[in-house]
Chemist: 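There's a structure below that I have some questions on.
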Amino acid sequence: MARYFIVNPKSGSGHGQKIWDRTEEYLKSIHAEYEVYFTSGKGDAEQKVRELTEGKHFTDGSSLIVIGGDGTTNEAVNGLDLDSGMLLGFIPGGSGNDLSRSLGVENKTLDHTISMTEGKRILELDVGVMTLPDGRKRRFAVSAGISFDAATCEHLDRSRFKKLCANLGAATLSYGIIGVIEYLKTKLLPCTVTDDGGKEHSFEHTFFVSAHVHPFEGGGFKFAPAAKWNDGKLEVCVAHASPRIKLIPVILGGKGEKGLLKGETVEFFSTTRAKVSFPEELFVHTDGEVLGKFRSIETECLKGKLRMII
């Protein structure tokens with residue numbers, strides 16, 4: 001049984017490195033054999049996971065454990081050969097950690113590190129796939145979206161203010177301030193959502209559309225409370241309203257314990273696949289990783305294809 005680790009040492013303002021130091025100390029204490037790979041930039045995790053698993057078959061319980069944030073885990077999910085038999089695990093070390101929040105995984109306990117390395121519990125999770133107009137496909141473990149949520153991710157990616165806040169241990173401050181800026185900037189546009197039955201749902205003043213395997217995104221916003229990670233369906237959330245002030249409860253409600261509820265400004269669809277179309281190009285993301293600007297996206301759910309240890 002092989003153990004492989006993909007570590008993003010810079011995740012969570014260096015928290016990833018600290019988690020690895022603790023994990024390695026434990027591995028050495030039990031004289032475990034392992035291989036570790038450190039990422040140094042975008043795409044490193046995906047490339048290494050592809051090299052480790054593509055076209056191979058593991059039947060001995062071998063595991064690949066990611067230490068980093070949702071972005072690093074997203075890369076691993078995209079690089080992983082889902083038919084390889086390799087078990088995927090993660091020890092959350094980012095600033096958002098929405099996957100760990102959904103699965104109830106604590107990132108500060110040695111017990112969780114031990115559970116990861118010993119593979120005590122195995123789940124078969126659904127995984128989402130986004131298809132872009134140019135034919136590219138990207139998987140997502142947590143959620144995907146277009147418009148406001150993706151624009152916020154893009155702004156955060158290029159923000160020096162975010163890096164400053166992260167270094168000061170106040171990452172959530174940058175999320176809040178940049179979120180307000182994008183709330184004011186985001187255009188409210190017409191869109192259509194086509195479900196797996198071929199029915200078109202039209203909206204006139206759309207703030208964002210997100211598709212969820214898990215309930216949370218954006219560092220704890222519960223935009224899809226009914227999302228279940230093992231039902232073979234995506235929970236699609238459409239936030240829409242005019243005037244813009246009606247959308248404030250959407251933002252505040254997303255941070256509440258119950259999350260967003262269906263009402264005048266929010267609509268949900270439980271579907272195996274969905275196509276979302278806008279009249280102009282908007283930012284698109286998968287698990288917070290921005291893919292560019294597009295007028296339309298298609299999403300689908302692959303039931304139980306991601307074997308994960310927690």
Side-chain angles (χ1 to χ4, degrees), residues 69-70 73-74 77 90 92 94-107 123-130 139-153 172 175-176 179 182-183 186 191 193 195-197 199 201 203 205-241 246-274 276 285-288 297 299-304 306 308 310:
D70 289 330
T73 303
N74 175 266
V77 168
F90 71 100
S95 55
N97 297 328
D98 287 310
L99 182 59
S100 64
R101 185 176 286 105
S102 174
L103 296 176
V105 171
E106 174 61 57
N107 68 340
L123 302 178
E124 293 184 348
L125 304 182
D126 297 343
V127 61
V129 179
M130 176 185 286
R139 298 172 186 160
F140 54 96
V142 179
S143 70
I146 182 169
S147 196
F148 164 74
D149 56 345
T152 301
C153 293
T172 54
Y175 278 72
E182 291 302 327
Y183 159 78
T186 298
C191 89
V193 178
D195 62 26
D196 52 10
K199 183 178 179 180
H201 308 264
F203 304 89
H205 307 283
T206 312
F207 186 44
F208 71 85
V209 182
S210 55
H212 296 256
V213 177
H214 295 268
F216 298 96
E217 76 166 41
F221 285 90
K222 201 172 188 179
F223 285 155
K228 297 178 181 178
W229 46 258
N230 60 354
D231 65 354
K233 294 185 178 182
L234 298 172
E235 188 76 1
V236 177
C237 171
V238 182
H240 61 101
K246 289 185 178 180
L247 292 163
I248 292 178
V250 173
I251 304 300
L252 298 179
K255 270 297 188 180
E257 183 177 346
K258 293 182 179 180
L260 293 188
L261 301 176
K262 184 175 180 179
E264 180 186 0
T265 59
V266 180
E267 187 71 40
F268 294 102
F269 305 97
S270 184
T271 180
T272 57
R273 62 179 63 241
V276 182
H285 82 90
T286 52
D287 292 338
I297 56 171
T299 59
E300 64 178 310
C301 184
L302 304 180
K303 181 174 174 57
L306 184 61
M308 182 166 280
I310 68 167

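The basis for the numbers below is simple: all heavy atoms, side chains too, and nothing from hydrogens, waters or symmetry mates.
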Chemist: Is there a side-chain contact between V129 and T299 in this structure, where contact means two heavy atoms from C-beta onward sitting under 4.5 Å apart?
Modeler: no

Chemist: Does K262 have any salt bridge (charged side-chain N to carboxylate O under 4.0 Å, His left out) partners at least two apart in sequence or in another chain, and if so, which?
Modeler: E267

Chemist: Show your reasoning for whether side-chain contact (heavy atoms from CB on, under 4.5 Å) applies to C237 and V209.
Modeler: CA-CA 6 Å; C237 171; V209 182; over 6 Å; no

Chemist: Please list, chain by chain and in numerical order, all residues satisfying side-chain contact (heavy atoms from CB on, under 4.5 Å) with D287, sequence neighbours excluded.
Modeler: N74, F140, A141, V142

Chemist: Under the rule for side chain to side chain donor-acceptor pair (under 3.5 Å), what residues qualify as partners of D126, not counting sequence neighbours?
Modeler: none

Chemist: Before you tell me yes or no, could you show the steps for L103 and L125 under side-chain contact (heavy atoms from CB on, under 4.5 Å), namely the whole-Å CA-CA distance, both residues' side-chain angles and the distance that decides it to 0.1 Å?
Modeler: CA-CA 10 Å; L103 296 176; L125 304 182; 4.2 Å; yes

Chemist: Please identify each residue that fulfils side chain to side chain donor-acceptor pair (under 3.5 Å) with H214, with sequence neighbours left out.
Modeler: S102

Chemist: Looking at every non-hydrogen atom in both residues, tell me the closest pair between D70 and D98 and how far apart they are.
Modeler: OD2-N, 2.7 Å

Chemist: With side-chain hydrogen bond (donor to acceptor under 3.5 Å, both in side chains) as the rule and sequence neighbours excluded, what pairs involving residues 218-236 come up?
Modeler: none

Chemist: How close do N97 and S100 get, counting heavy atoms only, and between which atoms?
Modeler: O-OG, 2.8 Å

Chemist: How close do L123 and I310 get, counting heavy atoms only, and between which atoms?
Modeler: CD1-CD1, 3.6 Å

Chemist: Tell me, please, which residues at least two apart from T272 pass side chain to side chain donor-acceptor pair (under 3.5 Å).
Modeler: D196

Chemist: Tell me if a side-chain donor or acceptor on T206 pairs with a main-chain N or O of F208 at a distance below 3.5 Å.
Modeler: no

Chemist: Ignoring hydrogens, what is the shortest heavy-atom contact between G145 and A150? Give both atom names and the distance.
Modeler: O-CB, 3.9 Å

Chemist: Among T265, V238, T186, which residue satisfies the side chain to side chain contact (heavy atoms under 4.5 Å, CB included) criterion with F207?
Modeler: T186

Chemist: With sequence neighbours left out, write down each residue that passes side-chain contact (heavy atoms from CB on, under 4.5 Å) with T152, or none if nothing qualifies.
Modeler: F148, L156, I178, E182

Chemist: Before you tell me yes or no, could you show the steps for L306 and V77 under side-chain contact (heavy atoms from CB on, under 4.5 Å), namely the whole-Å CA-CA distance, both residues' side-chain angles and the distance that decides it to 0.1 Å?
Modeler: CA-CA 8 Å; L306 184 61; V77 168; 4.2 Å; yes

Chemist: Apply side-chain contact (heavy atoms from CB on, under 4.5 Å) to residues L99 and M308 and explain how you reach the verdict.
Modeler: CA-CA 12 Å; L99 182 59; M308 182 166 280; 4.2 Å; yes

Chemist: Between CG of L234 and CE of M130, what distance do you get to the nearest 0.5 Å?
Modeler: 10.0 Å

Chemist: Does H240 have any ring pair (Phe, Tyr, Trp, His ring centres under 6.0 Å) partners at least two apart in sequence or in another chain, and if so, which?
Modeler: F203

Chemist: Mind checking ring pair (Phe, Tyr, Trp, His ring centres under 6.0 Å) for Y183 and listing every partner two or more places apart, or none if nothing turns up?
Modeler: none

Chemist: Output all residues satisfying side chain to side chain donor-acceptor pair (under 3.5 Å) with S143, sequence neighbours left out; order by chain, then residue number.
Modeler: E217

Chemist: Compile the donor-acceptor pairs under 3.5 Å between side chains in residues 246-259 and protein atoms, sequence neighbours left out, one pair per line.
Modeler:
{"residue": "K246", "atom": "NZ", "partner": "E264", "partner atom": "OE2", "Å": "3.1"}
{"residue": "K255", "atom": "NZ", "partner": "G219", "partner atom": "O", "Å": "2.8"}

